[in-house]
Every structure is written in structure tokens, then in C-alpha cells.
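Naming convention: chains lettered A, B, ... in sequence-line order (proteins, then strands); numbering from 1 in each chain. These figures come from a predicted structure and were not determined experimentally.
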Amino acid sequence: MIKAVKGTRDLLPPSTQTWNRVEEAARAVFRSYHYHEIRTPILEETQLFARGVGEETDIVTKEMYTFEDRGGTSLTLRPENTASVIRAYIEHRLDQRPGVQKLYYIGPMFRRERPQKGRYRQFYQIGAEAIGSESPVVDAEVIAMVIDLLERAGLEGFQLLINSVGDANCRPQYVARLREELKPVAPSLCGDCQRRADTNPLRVLDCKVEADQAAIDRLPTILDHLCDPCREHFEAVKRYLCGLKIPFAVRPRLVRGLDYYMRTTFEVVHGSLGAQNSVLGGGRYDGLAESLGSKVHAPGIGFSIGEDRLVMSVEDTHKPEPLDLLIAPVGESALRTSLEIARHLRAASAASVELAPQGKLKRVLELADKLGARFALIIGDDEMANARYGLKNMSTGEQRELSLEEITAALE
RNA sequence: GUGGGUGUAGCUCAGCUUGGUAGAGCGCUGGAUUGUGGUUCCAGUGGCCGAGGGUUCGAAUCCCUCCACCCACCCCA
């Protein structure tokens, strides 16, 4: 038997209703902030991610679906969408358009990781980018938007974490300092941390091993080493968020796994998601365009929501979408009329109408019950002769002989 | 890439310790006489017991190997 490939899955009804509800909520919020949709290809040249996301990141070194095209170019299934959006921004000279470019996207991403709860090889992201401004006001507004989105989607009990990771000016100095401070304590830390202390000191801050926490708490934090412009930027973002009454927690140890982030970074976490408790991540990436070869400066900030995780945590008990009307033709001769009436009613009302193509009346009414239909419409020889059809209310059992006009009215 | 757990009917699972070639509930199909559902009753459908090998007269059950899925590490959304 052929099955869905590892880490991918079929989204079936009624769960797809939740997905659609979440996406509709997202589009409504994006619309209210005047963001517009962008759709970029799922396939890009490998170079785009290597340079955009970072040559040394885990995503690029071991998680990408990369293959050689028949023409010989190396292509990659997108592991994230920000690099593509910036590529499109540069390629189509969106910097020439008026104002800050506000773009959103919804779609699948691909990373070849070991699947687990809330983590899939094909997963969906809902994200947005505001490109063309360095102002901290934009940071605050992007964060406000994502909070509105989560609430509109029905998520409760989440927590917003923010931090600043500095810029090309102050971060390297901080990392050097961190490396120094780690040297004496590293041997007493866990195995992972000993390795990270050398390869990627920032990640030590992310360590969850209980025994290491005391030592890690004594390490210098990035926030104490921000350069003046970065510190002012961060202070402004926090001020704006307070003004908006958006609760947040500063997490000086919050570091992101993609190289392009600078200054503001943020994350939203939610319990009951298992180990993958991060619903969304985002941040500012003022140097990304240049590292992709752009001559124009294109500072920006964005986020991406893990849609699979969001859906998982707002998913209520799936009830199938109820059916408004099931038509039950009695006898062969009623089939044609039923087909015509079904189409007429769909056009004349907003109701969902289904036609039972076969079965005894008893079975069809049983089906109506199982489908949760509000009404059943019985069409047989007598009904056709009188042009009045039996509309049965499935919850009360009451049945009346009505004309098509009366039926249409009853369905509203 | 590393660890742990689980694989028996469409779904949720029992049976495995103490080997005797398969069970429940739900679902699905049909019946309780003609064109009227929900409840009830009856019947039916349905499984190469994840795959392969070994031990044995005999394996879902014991042993070995492999595979798949889930969870966790790592990393991230």
C-alpha cells in the first residue's frame, strides 16, 4: 500500500474546516492592517537559502530538500518564505512602490527533520513581512498584528516573548565576550553545551538542562551589550507595546536559529503543544536584502506562524459542517426532477443542498440524520403531480407540503 | 543523526505472562412487509495479528532481524 511520505500528512474533513477558519481569520486581520498577499514559488535556487538563511544554520546544512534540476542547477524546496519574499521584492523593484511594502503569505514549507508532535517535514506557515522601514513603530505594529491574529483565530493563553539580538556592530563583540566567559565554565556544562560553546555560543543560552541553568544565568546577556542605536530601538519597541497594552516578557536568552535576524526578535509560546511549544517566531532583518545581492537597502521585519501548531491548539471537537437539506427522491422517475430542484434551490438560497442518488426513503432519512441535515425534502410521484414537496424538519419531525418558493423561504 | 514507546477489523482496543491457527465496542451493510430518520432488537460485512526468518507437532503469543508510526533529544514554526 502506498502511504503519504514520512513527515507529510493528509488533512481531512472535518479538520480542514479548522484550517479554513484559521486562514480566514488571518486574511481578515491582514486586510485590516492593509497587508497584501504574495505568492512565491515553492522551488527556488539553492543559493537563495544558503545566502539568506545562513550557510552554517541547521536548516541549510542538514534539513533542506535539495536536488539537481535536469538543466544542472541546484534547486531547493523552500524551508521558509522570508528569503523568497525579499528575493521577489528585489527582483520586481517593489522598493519603487509607494510606502512600506506590507506582504503576507500562507503556504507549505519543507524541512527534512525527524517528525514529532507539532513538527512535520511539510508544514504550513502563515507569515507577513513589512519591508522598507527601520522604524521601531513598524516592529510594534507587526507584533500587534500577530497578536490580533492569534486572538481572532481563537488562541488563548499564549505568551509573547521579545528580545534584541543586536546588529552587525554589537553582536559580534558580544559573541566574542560570551565565548571568553564560557571557557572556564564549559567543562562543567552538559555535553551539548560544551559543543555549542565552541560552535555557536548563543545557543548555550537556549539550554534547558536544569543543572546548567545557574551557570548560564551568570553569563553576560546581549541586552547589556547592545550598541546605542540598538538599545534605543529596543527601548522604543517596548514603549510602544506598553502603550498598546500588549503584555510581553523580555527574554534576554531568546535567540533565533536563522542568521538574518537582528535587533528585535520575538516568539509566542503556548502550553499543551508538547515540546514544540513555539507557535510563531519573527524578527527584524535589516541586512538580508544586501546579503542577497541587493543594491538597495531593504530593512524589514516579519514573522511566521506555524499553522499546524496553531490549528492544533485551537482545534475544538470536530463537528462536521451541518447540511441544510438532503433531497430524497422516491422512485426512478423522481431522480430527474430532484436533480433540477436541487440545482434550483442552491441558486435561489444560500443553503447547502445534497441529493441522495439512491436508497429507500427510510435509508435516506437515516442518512439525513447521520449527516446532521436540518431538513429533508421528499419528492415522489404525488409531490411532482402537485408541484408541492414534502419538507421535513429533521429535529422536530414536522413535515409540510410546500411549493418551491415556500421551500426556498424556509431554508433561510 | 540519537534514545524511548507502540504496531491485532475502517476507528478505539482486549487477547500475549502460563503457545492450541481471532475477539469486544463503535462504524458500515441489510432486516423487523408497501413512501418517513433518531431509540431498540436481529443478522451480516469486515483482519496474511506491521514484514521476514527461527524454535515447536502447533506461534498474534517465545527468540532474532527489518520496517512503519508516535514521543523525546537536536533544531525550529
On the side chain of [X], is there an atom forming a donor-acceptor pair with the base of [N] - under 3.5 Å, no angle test?
{"X": "Gln399(A)", "N": "U36(B)", "answer": "yes"}
{"X": "Arg119(A)", "N": "C75(B)", "answer": "yes"}
{"X": "Glu383(A)", "N": "G35(B)", "answer": "yes"}

Hey, does the side chain of Thr46(A) reach the backbone of Ser74(A) with a donor-acceptor pair shorter than 3.5 angstrom?
yes
Quickly work out the [X] [atom1] to [N] [atom2] distance and round it to whole Å.
{"X": "Asn393(A)", "N": "G37(B)", "atom1": "CG", "atom2": "C1'", "answer": "12 Å"}
{"X": "Arg111(A)", "N": "C75(B)", "atom1": "CZ", "atom2": "P", "answer": "14 Å"}
{"X": "Met312(A)", "N": "C70(B)", "atom1": "CE", "atom2": "C1'", "answer": "13 Å"}
{"X": "Phe49(A)", "N": "C76(B)", "atom1": "CZ", "atom2": "C1'", "answer": "16 Å"}
{"X": "Glu80(A)", "N": "A77(B)", "atom1": "CD", "atom2": "P", "answer": "8 Å"}
{"X": "Glu113(A)", "N": "C75(B)", "atom1": "CD", "atom2": "P", "answer": "11 Å"}
{"X": "Leu77(A)", "N": "A77(B)", "atom1": "CG", "atom2": "C1'", "answer": "17 Å"}

State, without any angle test, whether Thr66(A) and Thr76(A) hold a side-chain donor-acceptor pair at a distance under 3.5 Å.
yes
Pick out which of Leu155(A), Ile305(A), Leu160(A), Ile147(A) makes a side-chain contact (heavy atoms from CB on, under 4.5 Å) with Leu280(A).
Ile305(A)
Apply the side-chain contact (heavy atoms from CB on, under 4.5 Å) test between Ser164(A) and each candidate in Tyr261(A), Phe266(A), Phe234(A); give the one that qualifies.
Phe234(A)
Applying a 4.0 Å non-hydrogen cut-off, can you work out what [X] is touching in the nucleic acid: base, sugar-phosphate, or nothing?
{"X": "Ser395(A)", "result": "base"}
{"X": "Tyr120(A)", "result": "base"}
{"X": "Ile305(A)", "result": "nothing"}
{"X": "Lys392(A)", "result": "base"}
{"X": "Val364(A)", "result": "nothing"}
{"X": "Leu367(A)", "result": "nothing"}
{"X": "Gly397(A)", "result": "base"}
{"X": "Gly118(A)", "result": "base"}
{"X": "Asp308(A)", "result": "nothing"}

Complementary nucleotide of [N], counting Watson-Crick and G-U pairs under 3.5 Å:
{"N": "A60(B)", "value": "none"}
{"N": "A77(B)", "value": "none"}
{"N": "G5(B)", "value": "C69(B)"}
{"N": "U55(B)", "value": "none"}
{"N": "U33(B)", "value": "none"}
{"N": "U39(B)", "value": "none"}
{"N": "U17(B)", "value": "none"}
{"N": "C28(B)", "value": "G44(B)"}

Side chain to side chain donor-acceptor pair (under 3.5 Å) between Asp139(A) and His233(A), intermediate numbers included:
CA-CA 10 Å; Asp139(A) 300 33; His233(A) 186 99; 2.8 Å; yes
On a whole-Å scale, what distance lies between the [atom1] atoms belonging to [N] and [M]?
{"N": "C67(B)", "M": "A24(B)", "atom1": "P", "value": "35 Å"}
{"N": "G31(B)", "M": "C69(B)", "atom1": "C1'", "value": "40 Å"}
{"N": "C41(B)", "M": "G50(B)", "atom1": "P", "value": "33 Å"}
{"N": "C63(B)", "M": "U55(B)", "atom1": "C1'", "value": "7 Å"}
{"N": "G25(B)", "M": "C71(B)", "atom1": "P", "value": "31 Å"}
{"N": "G5(B)", "M": "G52(B)", "atom1": "P", "value": "24 Å"}
{"N": "C28(B)", "M": "C70(B)", "atom1": "C1'", "value": "28 Å"}
{"N": "C42(B)", "M": "C62(B)", "atom1": "C1'", "value": "42 Å"}

Reckon [X] has a side-chain N or O less than 4.0 Å from the OP1 or OP2 of [N]?
{"X": "Gln116(A)", "N": "C70(B)", "answer": "no"}
{"X": "Lys370(A)", "N": "C28(B)", "answer": "yes"}
{"X": "Lys3(A)", "N": "C67(B)", "answer": "no"}
{"X": "Lys360(A)", "N": "G31(B)", "answer": "yes"}
{"X": "Arg114(A)", "N": "C70(B)", "answer": "no"}
{"X": "Lys6(A)", "N": "C69(B)", "answer": "yes"}

Minimum side-chain heavy-atom gap Ile106(A)-Gln125(A) below 4.5 Å
no
Look at the aromatic rings of Tyr65(A) and Phe110(A) and report parallel, tilted or perpendicular, splitting at 30° and 60°.
perpendicular
Should the ring pair Phe30(A) and Phe303(A) be called parallel, tilted or perpendicular, given that the plane angle runs from 0 to 90° and is split at 30 and 60?
parallel
NZ/NE/NH1/NH2 to OD/OE distance under 4.0 Å, Arg27(A) and Glu37(A)
yes
Per nearest nucleotide of RNA chain B, the residue lying toward the 5' end, Ser304(A) or Gly7(A), is Gly7(A)
Of Ile59(A) and Asp369(A), the one whose closest RNA chain B nucleotide lies more 5'
Asp369(A)
